Structure formats: structure tokens, C-alpha cells
Number of protein chains: 2
Amino acid sequence: MVVDTELTDDEVDRIFRALADATRRDIVRRTLDTEASVSELAAEYEMSFAAVQKHVAVLEGAGLVTKHPHGRERKVRGNPEAIRRAQALLDRYEQIWRARIGRLDALLAEDQ
Amino acid sequence: MVVDTELTDDEVDRIFRALADATRRDIVRRTLDTEASVSELAAEYEMSFAAVQKHVAVLEGAGLVTKHPHGRERKVRGNPEAIRRAQALLDRYEQIWRARIGRLDALLAEDQ
DNA sequence: AGTATCTACAACCATTTGGTTGTAGATTAC
DNA sequence: GTAATCTACAACCAAATGGTTGTAGATACT
């Protein structure tokens, strides 16, 4: 099943940008495993609540995480679909490289 | 074959950071397909030579690309190994999510 | 030798990023 | 009702990012 993600450059930018920070990657890890409120997340890191809140916002903007109101708290939940979209992007690079290797092999076979 | 990517947070940061820019992703695409000199690359984008040079440097710092002296020019070559390391990272997130789904399934089965 | 080309690198600038503190609005607990 | 908790958001700041121009060192061309 191909997901066919027609992603904008800007969306791809946001996905990779969001993953380019250890705290944010950790938030993704946690919330893919178990959903957590923003303040539960904030308790895990050595920075202010507002800083964690901003990291969550960056992840949300990239679609890597969604927030769900639950009383006075917002449960943060990792979005596996976004991860898959990122995987699909990297897979394409692999394919480009494999195509090149294929061409080189063909060239070698030709020479023999 | 597991590649055993013992990557630092900092290295992972650099890989995703490097991929978070459309020009840089395009350079990776091109050079995974065909190696190209810095000036050949620079001719492809609407920005100064120095700007492209900086993008290549960012990619090189992330290990996504290597430079090889060839006379007065530096041939830029995409590094498929780095792409695979990034894939491995994303695969781990998938696994975390699948593990959660597995637990939920087990819970449902238990209830029946 | 002299010129053109390719690259490296410094200096500079505007914008973005990642953090802070502080204030205010909802919701829950007592 | 009052107090505590969770969240949102603004304002601010230092550092990083992404671009520029300019200068200089190697290498290739004629």
C-alpha cells in the first residue's frame, strides 16, 4: 500500500526540522508509546513548561503529533502516519541511489 | 544486516537539520544519482555560489554527502549510508508505535 | 606568463530558533 | 467561592541559519 503523500517542500521542511531536535524526538518517542499531557511531558525535561509547549507546537505544526483536549489538559499523541510519510521520503532517495547502481551494473555488463 | 548506528543526538540533529531544506534535499537527490562539482550544483539554483557552497557544507557535516578533489573542482557525491541511518532512526519510531498497538491488541484479547 | 575558472573563507545582515519570564483564561479540587 | 493546576500566549534575548558580497589561493587554458 503506497500512501501517495503529495507533500509540499514546506511540509517536508517542517517534518525534518521538527525531528532535528533531541527533545522533540524524545517527545515523539514517548507519545507514540503512550499519550501524555503537556505538563506531564514538561516534567521530563530540564527546561521551562513554555519551552516544552513550544516544542510540542513545532511537532504539531509538522503533523508529527496531535493534541486532544481532555478536561483542562491537552493530551499529546504521536502520529505514526507522519513518520511513515518521512520514511517514504527517505525511501525515494534509496531508490535514486539504487537506480544509479543499476545503471553502473548495466554498463559493466555491456563492456564484457 | 543491522548497520549498528550508534549515533549521537548531535549527529542525528545534523542529519535531520540538513534534510530540512528543499535546496539541500535537491542536492542530495542529484548527487545520489550523479556526482557533480560545487559550481555545477550552484548553476542549478537561484542563489549565489557561496550560498550553495554553504548548503553543501551542511550536508557534508551531516555525512549526507562527501567531497572528492578532482583537479581544481570538488566532486560532490551523495552518501547512501547516511540515508540508511536516517531510515533506521525512523524505523525505530515505527517499532515503538507497533509495540503499543500490540499491547492494545493483547488487552482486547484479554477482555474477551 | 597571463587569464579564466573553481573553490575557500571571512564579514556582514535579516530572520528564525530555542530558550526565558510573566500574565491571563479554563478547568478541577477543596 | 477560592485556591490550585493546566494551558495559551506575548515579550524579550542570545545564538544559529540562510543569504549576501568581497578577497584570495589553486588549478587549467591559450
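No experiment lies behind these values; they were computed from the predicted model shown. Naming: A, B, ... by sequence-line order, numbering from 1 per chain.
Note: CG (A:D13) to C1' (D:dT17) measures 13 Å, nearest angstrom.
Taken residue by residue, residues 68-77 of chain A places heavy atoms nearer than 4.0 Å to DNA chain C at A:G71, A:R72. For DNA chain C, the residues of residues 18-29 of chain A within the heavy-atom distance limit of 4.0 Å (strictly under) are A:R24, sorted by number. Within residues 42-52 of chain B, the residues having any heavy atom closer than 4.0 Å to DNA chain C are, in order of number, B:F49, B:A50.
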Identify every side-chain donor-acceptor pair in residues 70-77 of chain B under 3.5 Å, counting partners at least two apart or on other chains, and give the distances.
from  : atom 1 : to    : atom 2 : distance (Å)
B:R77 : NE     : B:E35 : OE1    : 3.0
B:R77 : NH2    : B:E35 : OE1    : 3.2

| Derivation of the side-chain contact (heavy atoms from CB on, under 4.5 Å) call for B:L59 and B:T31 | CA-CA 11 Å; B:L59 290 168; B:T31 59; over 6 Å; no
| task | Let me see the working for A:L19 and B:L89 under side-chain contact (heavy atoms from CB on, under 4.5 Å), right down to the final yes or no. | result | CA-CA 10 Å; A:L19 289 171; B:L89 292 165; over 6 Å; no
| request: Please test B:F16 against A:R25 for side-chain contact (heavy atoms from CB on, under 4.5 Å), starting from the C-alpha separation and ending with a verdict. | output: CA-CA 11 Å; B:F16 285 127; A:R25 284 192 302 275; 4.2 Å; yes
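Within the 3.5 Å criterion, the main-chain N or O of B:T34 finds no donor-acceptor partner in the side chain of A:R100.
Nearest heavy atoms, A:R29 versus A:D26: NH1-OD1, 2.8 Å. Across every non-hydrogen atom of B:E6 and B:E11, the tightest pair is O-OE1, 4.1 Å.
Salt-bridge formation is detected for the pair A:E44/A:R30: a Lys NZ or Arg NE/NH1/NH2 atom is positioned less than 4.0 Å from an Asp or Glu carboxylate oxygen. Here B:R14 pairs with B:D10 in a salt bridge; the nearest charged N to carboxylate O distance falls below 4.0 Å.
Between B:V65 and B:H55 the shortest side-chain heavy-atom distance does not fall below 4.5 Å. The side-chain heavy atoms of B:V28 and A:Y93, taken from C-beta on, include a pair separated by under 4.5 Å.
By the salt bridge (charged side-chain N to carboxylate O under 4.0 Å, His left out) test, B:D21 pairs with no residue at all, sequence neighbours left out.
Contact footprint of chain A on DNA chain C: nucleotides with an atom under 4.0 Å from a non-hydrogen protein atom, first to last in 5' to 3' order, C:dT17 to C:dT28.
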